[in-house]
Amino acid sequence: MEQDYIPCEIEQKWQKIWDDTKVFQPEPDEREKFFITIPYPYLNGNLHAGHTRTFTIGDVIARYKRMQGYNVLFPMGFHVTGTPIVGLAELIANRDPQTMKVYSELHGIPIDILDTLVTPERIVEYFSKEAEKDMRSIGYSIDWRRKFTTTDPTYKKFIEWQFNLLYEKGLIVKGSHPVKWCPNDNNPVEDHDILHGEEATIVDYTLIKFEYNGIILPCATLRPETIFGVTNLWINPDIEHVKIKVEKNGKKEEWIVSREAYNKLTFTDRKIEFIENVPAASLIGIKVKNPLTGNYVITLPASFVKGENGSGIVMSVPAHAPFDYLALKDLYGQDLSNYGIKEDLRNIKLISLIEAKEFGEYPAVEAVQQLGVKDQNDPKAEEATKIVYRREFHGGVLKENTGKYAGMAVSKIKEVLTKDLINQGIGEVFYEFSEPVVCRCGTPCVVNMVEGQWFLNYSNPEWKDKVYRCIEKMDIIPEEYRVEFNNKVDWLKDKACARKKGLGTHLPFDNQWLIESLGDSTIYMTYYITNKFFARGIGPEHLTPKLFDYVLLGKGSLQKTAADTGLDEELIAQMKKDMDYWYPVDLRSSGKDLVPNHLLFFLFHHVAIFEEDKWPRSIAVNGFVSLEGQKMSKSKGPLLTLRTAVNKYGADISRLYILSSAEQTQDADWRNSGVEAAKKQVERFYSFAREIIEAGAVCGMCGELKLIDKWMLSRLQQRIRETNKDMLALRTRSALQNAFYLLLNDIKWYQKRGGSNLLYDILDTWVRLMAPFIPHVCEEIWHAMGHRGDDIVSLAPYPIFNPELIDKNAELAEELVDNTLEDIEEIIKVTKMTPKKVVLYTSPTWKKRIFQTALKMQSENELNGGVLIKKLMSDPANRTYGKDIPKFVQKIVSDINSMKMERLEMFAGYELDELEILRENKIFFEKEFGCPVEIYSADDPSYDPENKSKFAVPMRPAIYIE
RNA sequence: GCGAGGGUUGCCCAGUUGGUCAAAGGCGCCAGACUUAAGAUCUGGUAUCGAAGGAUUUCGUGGGUUCAAAUCCCACCCCUCGCACCA
């Protein structure tokens with residue numbers, strides 16, 4: 001080994017050896033397989049610290065499983081379908097200043113090359129090469145024979161096959177959906193096209209059609225159930241209203257709405273025709289029919305109604321809506337005769353329809369009174385509304401007067417009721433933004449219905465049921481995410497799966513559309529298996545649907561498939577054999593951002609296409625990476641690329657750092673000071689190994705073992721046990737704590753206590769323990785230890801826990817020494833004295849006996865202070881210490897009571913000769929404190945000037961210092 | 001608003017089947033060793049009080065359960081992320 005640790009030399013050397021010897025190119029054999037996949041990266045930039053984290057976790061698992069004896073397949077591909085790469089090519093072609101800056105400086109692309117990346121194809125070619133180079137440089141154990149890019153002609157054949165299959169199964173349907181739309185550009189707006197209102201979401205209101213002389217006055221509401229409590233409608237006399245002709249699904253109606261609402265309606269899936277302006281005054285004071293109850297209610301003037309919200313006409317539910325109540329109250333006693341309203345509005349009776357435990361009959365009235373809201377223009381009215389809505393939504397139940405809906409929870413009613421209203425022709429859905437959205441061009445956006453769109457029918461309940469079943473059977477790591485997955489399945493609606501722009505595969509049954517990029521990356525893990533064969537030169541012309549049917553699903557016959565594809569039977573049989581061997585996916589590990597999209601679709605498509613035995617077995621998710629506390633951004637910075645990290649620190653240090661800096665789901669923060677610390681640790685590991693090897697250390701297990709050796713072995717076993725336990729749960733941080741940091745502390749103590757026999761054995765285990773995490777330096781050490789040829793550490797057996805090497809007495813003995821050491825130090829610190837002599841007194845025999853007796857009683861589950869004291873007192877031999885016994889017993893009993901199981905097991909059969917142990921370590925103590933040390937038993941102290949020996953108890957000797 | 005996650009000692013971050021938890025590890029800081037010196041490295045210390053191994057107050061806030069709470073229960077406050085046709 002070299003004197004100094006030089007990462008890049010070691011790393012390049014071993015990467016070449018791994019590649020040359022093809023150790024990570026698995027083929028089916030008799031071993032158990034483990035198929036791990038990480039979502040391939042989307043290549044609109046170089047790989048960054050986020051990728052580094054996710055992929056490194058995957059690689060560590062792959063390496064760990066391999067060392068455990070599994071036949072591990074860990075493949076990788078590149079995702080390029082979709083629009084961002086097309087957009088990036090345009091930006092580069094246009095020399096967009098920010099893009100040029102970010103991609104040259106942060107992504108590290110030489111400017112002369114960047115200048116050439118002006119088409120999507122060139123971008124894909126460039127980044128896929130770079131990404132592979134990067135992943136190799138950090139030592140991922142990927143089988144590169146299987147790589148592909150999602151625009152490969154053969155991959156497109158695979159996607160076409162899949163979408164035809166889904167179409168045949170009726171899982172792809174045609175429909176319309178609402179999008180954010182700029183009327184000026186006549187195009188959908190994406191998030192980066194928005195000037196303000198990025199936060200806006202599309203909210204679905206229910207439109208309820210009140211009727212007046214055959215004309216519809218639609219009211220938009222988020223709470224359609226309140227239709228049962230409507231006492232009147234609100235019309236703002238100061239805004240413009242229009243009468244329009246509305247045609248939807250062939251049904252023609254005449255509506256009256258605000259002018260703004262008319263404008264919005266023209267973008268919906270309705271045909272709209274303007275008829276005439278309608279003076280607001282003519283709309284006030286009329287009687288309109290509640291379409292559900294058939295009751296007639298009056299229309300009244302209100303200033304709080306805004307033309308741009310909803311339809312511009314509002315239904316009034318004063319029992320539950322503070323604004324409605326306030327507006328109504330404001331009209332009490334007012335002269336409304338100019339609207340032709342003569343009746344006394346006090347006669348309008350509030351209608352309560354929701355039972356909520358926080359409120360009585362009229363929640364709106366109570367809230368208004370509690371908050372002291374003055375009128376409809378008081379800002380506190382908003383707050384009152386929120387309070388009432390929130391409480392009613394959570395805990396509210398519908399009352400008897402809602403007919404067949406009585407007893408239903410308010411939180412569940414909206415969907416059901418809206419559907420019923422639509423079916424009866426008296427309701428519709430109306431989409432609106434949660435806040436105003438303005439396009440970059442300055443135009444206010446609208447919700448537009450895109451028609452004739454293709455959807456993946458994820459809302460299909462049978463499909464969802466299968467996914468639930470799949471999740472139930474899977475391991476979700478960490479387990480807390482299971483509920484998240486189930487929630488998201490529940491929440492998922494139909495998803496538009498085709499677009500007009502971007503890279504990708506055309507929909508086979510409707511060629512003008514491109515398959516959306518999340519849809520084409522759901523079951524591609526099978527493609528790694530088949531692509532090993534395709535990549536040897538099988539062209540797309542051979543990849544007929546029958547081939548995929550046979551290889552992936554086992555449908556059809558070998559002969560017919562061969563005839564259909566023109567491929568050899570033997571080759572096809574081999575593909576199928578590989579598929580049957582490797583599938584299903586044992587673990588898909590990914591960043592947590594993919595939970596509500598990719599990982600969900602991954603499950604949906606698997607359950608739709610494959611039989612249950614091919615469903616994924618487990619999913620793991622990990623957190624993000626930030627940079628010195630700042631969020632990273634590919635397009636704006638800050639950004640740390642994988643390459644920058646590896647160039648600066650090396651592969652092993654980057655790996656160790658990213659894995660140890662945060663636990664699985666926690667977000668990690670990449671900090672320079674942290675990497676520097678990791679660097680120090682790896683260097684320390686390296687020089688520890690070098691010193692041992694250069695000293696010519698050999699296996700010490702066969703020689704005679706001292707107590708400290710037994711202690712070391714015992715601790716080592718515990719670290720092995722914990723590391724394996726952590727790896728099983730993918731807790732890489734905790735695994736490293738055990739396999740590296742804690743073990744390092746143990747080794748320090750071992751050496752401090754004069755241990756030396758087992759250094760070679762420790763190293764042998766330690767290198768294997770660390771190999772999945774920092775493989776290059778471990779290979780280097782393993783080689784230096786004399787392993788040659790095929791005997792590389794990447795394929796060496798991972799250490800397993802050996803319970804026979806656990807030695808409780810050795811651990812207790814060291815604990816005694818450590819306790820004593822710390823107590824002496826503490827006394828010196830407090831008294832600030834320089835010791836001239838230290839005297840130790842071990843526990844007297846009677847205390848040890850009592851301790852043992854108490855432990856025994858505890859193990860028989862009958863530890864009781866009183867009983868113990870009586871028992872002791874009855875023994876004449878104990879009379880001498882009679883008055884000390886109760887106090888000591890009390891202490892012992894409470895100590896033992898507060899011990900955990902593990903601790904009690906540790907003490908089970910406690911039989912330590914403390915005097916002997918301390919005497920053996922006399923020289924150690926003398927060295928530590930630089931003065932003579934005398935050791936006595938408290939039974940028989942020949943020197944005890946201050947009578948300290950009486951404080952001696954088991955595991956804590958009494959101390960006298962002068 | 002809905003859903004999920006989180007608030008720990010100067011900072012980052014462990015620890016939640018309740019009990020060696022004043023609480024791991026790292027950073028920072030302090031002291032010592034080494035060095036001509038600095039750096040690097042190594043050793044020790046780092047809540048408060050204490051001239052004897054102890055005591056006291058801490059784990060977002062306020063209550064509660066328990067012999068015992070960072071850990072369990074209730075309420076509240078604050079922070080981060082997702083909410084879709086975008087990868």
Side-chain angles (χ1 to χ4, degrees), chain A residues 39 41-44 79-85 177-180 188 190-192 199 201-203 222 386 389-390 393-394 411 434 450 453 455-456 480-481 483-484 487-488 490-499 502 516-519 521 592-598 600 623-624 629 631 634 657 660-663 665-669 671-674 676-678 680-681 683-684 687 733-734 736-737 740-742 744-745 748 752 815 819-820 822-833 894-903 906 946 948 951 955-961:
Chain A
Y42 184 76
L43 292 184
N44 61 342
H79 194 205
V80 300
T81 35
T83 54
I85 287 177
H177 79 288
V179 295
K180 294 174 189 168
E190 292 174 19
D191 271 355
H192 56 266
E199 303 284 291
T201 53
I202 295 174
V203 182
L222 287 168
K386 272 190 183 159
Y389 275 31
R390 187 164 51 212
F393 185 83
H394 288 311
S411 54
S434 56
V450 173
Q453 173 65 276
F455 286 91
L456 280 158
E480 299 92 89
Y481 266 76
V483 57
E484 177 77 353
N487 284 348
K488 293 301 178 194
D490 184 42
W491 153 91
L492 192 65
K493 295 183 197 154
D494 286 356
K495 163 129 178 70
C497 63
R499 326 190 80 209
E516 193 273 331
S517 67
L518 285 168
S521 50
K592 65 181 175 187
D593 49 328
L594 300 189
V595 172
N597 42 70
H598 164 72
L600 221 48
F624 305 126
K631 204 175 154 180
K634 277 196 231 184
Y657 176 63
S660 63
S661 67
E663 202 59 271
T665 44
Q666 220 76 45
D667 292 343
D669 188 23
R671 280 165 188 269
N672 245 314
S673 63
E676 290 294 340
K680 221 155 65 181
Q681 303 294 5
E683 282 168 355
R684 191 189 282 198
S687 55
R733 180 191 156 96
S734 182
L736 276 168
Q737 284 290 328
F740 197 78
Y741 297 98
L742 294 175
L744 185 71
N745 284 347
K748 275 194 210 165
K752 179 175 177 172
E815 196 180 312
N819 283 349
T820 310
E822 280 177 17
D823 280 351
I824 299 171
E825 276 168 355
E826 169 90 357
I827 295 168
I828 292 172
K829 193 185 126 201
V830 171
T831 60
K832 300 188 182 68
M833 62 203 285
S894 94
D895 280 359
I896 292 178
N897 269 333
S898 67
M899 284 180 186
K900 276 185 171 178
M901 271 314 287
E902 291 166 29
R903 189 67 182 160
M906 192 81 175
E946 286 191 16
K948 291 284 185 194
F951 296 114
M955 293 303 287
R956 289 207 91 178
I959 298 162
Y960 170 64
I961 301 176

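What you are looking at is a predicted structure, and each value in this text was computed from that prediction instead of being measured. Below, read A as the first sequence line, B as the second, and so on, with proteins coming before strands; counting in each chain starts at 1.
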Problem set entry | Base-pairing mate for B:rA38 - Watson-Crick or G-U, with both contacts under 3.5 Å | none
Seminar exercise, completed: Whole-Å distance, A:Asp669 CG to B:rG6 C1', equals 15 Å
For this session: Using a heavy-atom cut-off of under 4.0 Å over every strand shown, decide if A:Glu683 touches base, sugar-phosphate, or nothing.
Result: nothing
For this session: Select base, sugar-phosphate, or nothing to describe what A:Ile828 touches, counting heavy atoms under 4.0 Å on all strands.
Result: nothing
Exercise. Salt bridge between A:Glu516 and A:Lys495, side-chain N to carboxylate O under 4.0 Å?
Worked result: yes
For this session: Assign A:Ser521 to base, sugar-phosphate, or nothing according to its heavy-atom contacts below 4.0 angstrom with the strands shown.
Result: nothing
Problem set entry | Touch class at under 4.0 angstrom, heavy-atom based, for A:Lys495 against every strand present | base
Exercise. Taking for each residue the nucleotide of RNA chain B with the nearest heavy atom, is it A:Met955 or A:His177 whose nucleotide lies nearer the 5' end?
Worked result: A:Met955
Problem set entry | Nearest-Å distance for atom pair NZ/P, residues A:Lys631 and B:rC79 | 16 Å
For this session: Describe the nucleic acid contact of A:Ile824 in one word from base, sugar-phosphate, nothing, applying a heavy-atom distance below 4.0 Å.
Result: nothing
Exercise. What is the nucleic acid contact for A:Ala958, judged by heavy atoms within less than 4.0 Å: base, sugar-phosphate only, or nothing?
Worked result: base
For this session: Kindly say if A:Thr83 contacts the phosphate of B:rA87, meaning a side-chain N or O under 4.0 Å from OP1 or OP2.
Result: yes
Problem set entry | Protein-nucleotide distance (A:Glu946, atom CD; B:rG53, atom C1'), rounded to Å | 14 Å
Problem set entry | Under-4.0 Å side-chain N/O to phosphate OP1/OP2 contact, A:Arg684 with B:rC42 | yes
Exercise. Just by modelled atom types, is the A:Ile85 backbone N or O under 3.5 Å from a matching donor or acceptor in the A:Tyr42 side chain?
Worked result: yes
For this session: Quote, to the nearest angstrom, the P distance that separates B:rC2 from B:rU66.
Result: 34 Å
Problem set entry | Pair assignment for B:rG53, Watson-Crick or G-U wobble, requiring both distances under 3.5 Å | none
Exercise. Counting side-chain heavy atoms from C-beta on, which of B:rG53, B:rA87, B:rC12 comes nearest to A:Phe951?
Worked result: B:rG53
For this session: Would you mind classifying the nucleic acid contact of A:Pro178 as base, sugar-phosphate or nothing, using non-hydrogen atoms under 4.0 angstrom?
Result: nothing
Problem set entry | N/O (side chain, A:Lys680) to phosphate O (OP1/OP2, B:rU41) under 4.0 Å | yes
Exercise. With sugar-phosphate meaning primed atoms plus P, OP1 and OP2, does A:Tyr960 contact a base, only sugar-phosphate, or nothing at under 4.0 Å between heavy atoms?
Worked result: base
Exercise. How is A:Gly674 classified with respect to the nucleic acid when contacts are heavy atoms under 4.0 Å: base, sugar-phosphate, or nothing?
Worked result: nothing
Exercise. Are A:Gln666 and B:rA14 close enough that a side-chain N or O sits under 4.0 Å from OP1 or OP2?
Worked result: yes
For this session: Can you tell me, in whole Å, how much space there is between the C1' of B:rA24 and that of B:rC13?
Result: 10 Å
For this session: Looking only at side-chain atoms of A:Ile959, point me to the closest of B:rG53, B:rA4, B:rU46.
Result: B:rG53
For this session: Output yes when a side-chain donor or acceptor of A:Glu663 lies under 3.5 Å from a complementary backbone atom of A:Ser734, and no otherwise.
Result: yes
For this session: Check the pair A:Tyr657, A:Arg671 against side-chain contact (heavy atoms from CB on, under 4.5 Å), reporting the backbone distance first and the verdict last.
Result: CA-CA 10 Å; A:Tyr657 176 63; A:Arg671 280 165 188 269; 3.9 Å; yes
Exercise. For A:Asp667, which contact category applies under a 4.0 Å heavy-atom criterion: base, sugar-phosphate, or nothing?
Worked result: nothing
Exercise. In whole angstroms, how far is the P atom of B:rG82 from the CG atom of A:Leu594?
Worked result: 13 Å
Seminar exercise, completed: Pairing partner of B:rC13, by Watson-Crick or G-U wobble and under 3.5 Å for both distances, is none
Exercise. Between B:rA87, B:rG25, B:rA4, which nucleotide gets closest to the side-chain atoms of A:Leu518?
Worked result: B:rA87
For this session: Tell me what A:Glu516 touches on the nucleic acid: a base, only sugar-phosphate, or nothing, going by heavy atoms under 4.0 Å.
Result: sugar-phosphate
For this session: With P as the reference atom in both, quote the distance from B:rU17 to B:rG6 in angstrom, rounded to an integer.
Result: 13 Å
Seminar exercise, completed: Any strand, both distances under 3.5 Å, Watson-Crick or G-U wobble: B:rG28 pairs with B:rU46
Seminar exercise, completed: By the Watson-Crick or G-U definition, both distances under 3.5 Å, B:rC83 is matched with B:rG1
Problem set entry | Span that lies between the C1' atom of B:rA69 and that of B:rG15, in whole angstrom | 14 Å
For this session: Looking at every strand, decide which applies to A:Lys634 at a 4.0 Å heavy-atom threshold: base, sugar-phosphate, or nothing.
Result: nothing
Exercise. When all nucleic acid strands are considered with a 4.0 Å heavy-atom cut-off, which category describes A:His598: base, sugar-phosphate, or nothing?
Worked result: nothing
For this session: Check every strand shown and say whether A:Tyr481 touches a base, only sugar-phosphate, or nothing at a heavy-atom separation below 4.0 Å.
Result: nothing
Seminar exercise, completed: When rounded to whole Å, the CG to C1' distance for the pair A:Asn745 and B:rG26 reads 12 Å
Exercise. side-chain contact (heavy atoms from CB on, under 4.5 Å) between A:Lys948 and A:Ile959: does it pass, once the steps are laid out?
Worked result: CA-CA 7 Å; A:Lys948 291 284 185 194; A:Ile959 298 162; over 6 Å; no
Exercise. Tell me: CH2 of A:Trp491 to C1' of B:rG82, nearest whole Å?
Worked result: 8 Å
Exercise. Rounded to the nearest Å, what distance is computed from the CD atom of residue A:Glu480 to the C1' atom of nucleotide B:rC81?
Worked result: 16 Å
Exercise. For B:rA52, does either OP1 or OP2 sit under 4.0 Å from a side-chain N or O belonging to A:Thr831?
Worked result: no
Exercise. Of the nucleotides B:rG53, B:rA87, B:rG82, which has the atom closest to the A:Lys488 side chain?
Worked result: B:rG82
For this session: Please report the shortest heavy-atom distance between A:Ala496 and A:His177, naming the atom on each side.
Result: CB-CE1, 4.2 Å
Exercise. Counting only N and O atoms by type, is there a donor-acceptor contact under 3.5 Å from the side chain of A:Asp669 to the main-chain atoms of A:Gly629?
Worked result: yes
Seminar exercise, completed: Of A:Asn897 and A:Arg733, the one whose closest nucleotide on RNA chain B sits nearer the 5' end is A:Arg733
Seminar exercise, completed: Checking N1-N3 plus N6-O4 or O6-N4 for Watson-Crick, or N1-O2 and O6-N3 for wobble, each under 3.5 Å, the partner of B:rA68 is none
Exercise. For B:rU61, what is the paired nucleotide under Watson-Crick or G-U wobble rules, both distances under 3.5 Å?
Worked result: B:rA75
Exercise. Taking atom P of B:rC85 as reference, at what distance in whole Å does atom CG of A:Asp494 sit?
Worked result: 14 Å
